[in-house]
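To keep things clear, I will list the structure first and then write my remarks on it.
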Amino acid sequence: MSQFDYDLFVIGAGSGGVRAARISASHGAKVAIAEEYRVGGTCVIRGCVPKKMLVYGSMFAEELSHAEKYGWSVGEKSFDWAALRDFVNGDVDRLEGLYGKTLESHDVELIAERATIAGPNTVKLASGREITAKHILIAVGAWPAMPDFPGVEHCISSNEIFHLEQQPKCLMVVGGGYIAMEFAGIFNALGSEVTVVNRSDKILRSYDDQIVERMLHIAMGRGINFRMHSEIKSVERTAEGCLSVDLGESNRVQVDQILIATGRNPKTDGLGLENAGVQLGEKGEIIVDEYNRTSCESIYAVGDVTDRVQLTPVAIREGHAFADSVFGGNPRTIDYDFIPSAVFSQPPLAGVGMTEKEARRTHGNVRVYSSDFRPMKNIFSPHAERGLYKMIVDDTSGKILGIHMIGPESPEILQVAAVALKAGLTKDAFDDTVALHPSMAEELVLLK
Ligand code: NDP
């Protein structure tokens, strides 16, 4: 008989936690997982999945007008935000159910309560019950960072935007990162007037400058307003129910909603980590080694709470590697090189590897190949939007250092291109590959 109630107790049933729990259980561990909100975590409940569905929903505005050019009569068009919102949230419910079933079918006990750390091998549930476990895994994710200005309580984060009663006529989006660009694109396409307020003149900082520049150009062409070098000083709710925003220097504007998208912080507050001597970094992130182990030997952490790479597929890999290492007799680490990522803006952009600036800084001599083209799909676009693909190549070895793209379906194309970088291929391998015509992806094998 084990001296502990469980071999593994996981706190947080998001992408990383669920993967770790089910793989550990399949290795024979007795596992419980605690979740204070809904099974699925940020990605499934209020992140990647519902966001992508909103992107799809919003794209119909343009696609329906294209349909008419192709001879389809679509009649009078109207849009019902509540219908889209409820459809998306209905699918989130379905997925949450599937996640619950996965845990059940792997004999992982789900405890629908908040759990905190009471000691190196003890967790305390909100009900007061204490549970012991040989290992504890913290996978509680991150939480929207809200700036500190008077009236911030009138603003929403990406947590709330999926549940809005009404579509905002005027939406202000604060920040210039993933969430800001994605929701600016969604609500702009749906017909809201969107203004992005950003503290610097730089958006999507980790992406290639030229690709971001193209994104900005297109977004402005589509009617998104940008106020760079701008910050909210205060917000007041008016008698009519609008939000009056003071942007300083006598700039006051009225909007219906303000979405704050200024990053996400590890959700470690009140988690009782001090009870087990778990060390935190400056942002409150849990510090772990390459095997996801914290400064307390029996406690591990994966995903956004460790603030390494805040991406779902990374959390899933970390959770899986943890389970294989601790319960599968196969200690392994994660390779963080060449992680592809995308912003589901409209159009989307995607990148893997080094940007041109990074490559020039670290490698000196690099060759840059690019294709600036008008996708066939855009022939009816009133804005004549162009796609841009870039390949950065090390001049000495010929190896590809980075691929960056903006245009329709670019995340779909980039996922496959990322395999080439991971495999250490040179540009010759692309040149040797026959183009698939007509496609947008063929631009990658025709780069000059
Ligand atoms: P990001 O880190 O992408 O961007 C944060 C933005 O907010 C930056 O423009 C930053 O500016 C700005 N900012 C930060 N602090 C302040 C402040 N105090 N005042 C004003 N502006 C500020 O964060 P998001 O919130 O957009 O997304 C959080 C994370 O979620 C991302 O890091 C990403 O990993 C993940 N995510 C991934 C998605 C995807 O894969 N498609 C989609 C959505 C989220 P500056 O550049 O000057 O620091």
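Atoms within a ligand are numbered from 1 in the order they appear, just like the ligands themselves.
- Under a 4.0 angstrom heavy-atom cut-off, Ser341 registers as lying outside contact with ligand 1.
- Nearest non-hydrogen protein atom to atom 9 (O) of ligand 1 is Gly176 N, 2.9 Å.
- Within the 4.5 Å cutoff, the side chain of Tyr99 has heavy atoms near those of the Val44 side chain.
- You'll find the ring centres of Phe183 and Phe344 outside the 6.0 Å limit.
- Checked for salt-bridge contact, Lys169 and Asp256 miss the test: no charged N lies under 4.0 Å from a carboxylate O.
- With a heavy-atom cut-off of 4.0 Å, Gln310 touches ligand 1 through backbone and side chain alike.
- In terms of protein heavy-atom proximity, atom 1 (P) of ligand 1 is closest to Gly177 CA, 4.0 Å.
- Ring pair Phe60/Phe79: centre-to-centre distance not below 6.0 Å.
- At a threshold of 4.5 Å between non-hydrogen side-chain atoms, the residues Ile299 and His135 do not count as touching.
- For ligand 1, the atoms closer than 4.0 angstrom to any heavy atom of Lys51 are 41 (N), 42 (C).
- Close N/O approach between Leu311 and ligand 1 is not found [any backbone or side-chain N/O within under 3.5 Å].
- Scanning Ile260, Ile179, Val343, Thr42 for the heavy atom closest to atom 44 (C) of ligand 1 points to Ile179.
- Protein heavy atom at the shortest distance from atom 11 (O) of ligand 1 is Arg199 NE, 3.6 Å.
- Taking the six-membered ring for Trp and thresholds of 30 and 60 degrees, Trp81 and Phe187 have ring planes inclined between 30 and 60 degrees apart.
- In summary, of the residues considered (His404, Lys357, Lys390), a side-chain hydrogen bond (donor to acceptor under 3.5 Å, both in side chains) with Gln210 occurs for Lys390 alone.
- The shell of residues lying under 4.0 angstrom from ligand 1, judged by heavy atoms, includes Ala342.
- Checked against a 3.5 angstrom limit, the closest N/O atoms of Glu231 and ligand 1 fall outside it.
- To the nearest 0.5 Å, the span separating CE on Met405 from CE on Met391 amounts to 8.0 Å.
- The nearest heavy-atom contact from the protein to atom 38 (C) of ligand 1 is Tyr178 CD2, 3.3 Å.
- Note that the CG atom of Asn225 and the CE atom of Met220 stand 10.0 Å from one another [nearest 0.5 Å].
- Of the N or O atoms in Pro147, none lie within a sub-3.5 Å distance of an N or O in ligand 1.
- To the nearest 0.5 Å, atoms CD (Gln346) and CE (Met215) are separated by 9.0 Å.
- Protein heavy atom in closest approach to atom 21 (N) of ligand 1: Thr262 CG2, 3.4 Å.
- Of all atoms in ligand 1, numbered sequentially from 1 with element shown, those under 4.0 Å from a heavy atom of Gly263 are 5 (C), 23 (O), 24 (P), 25 (O).
- Protein heavy atom closest to atom 42 (C) of ligand 1, with residue, atom name and distance, is Glu182 OE1, 3.2 Å.
- The shortest N/O to N/O separation between Arg264 and ligand 1 does not fall below 3.5 Å.
- For atom 47 (O) of ligand 1, the closest non-hydrogen atom of the protein is Arg205 NH2, 2.8 Å.
- None of Asp269, Thr268, Asn159 except one satisfies the side chain to side chain contact (heavy atoms under 4.5 Å, CB included) rule with Trp143; the exception is Asn159.
- Look at Met181 and you'll find every heavy atom at least 4.0 Å from all atoms of ligand 1.
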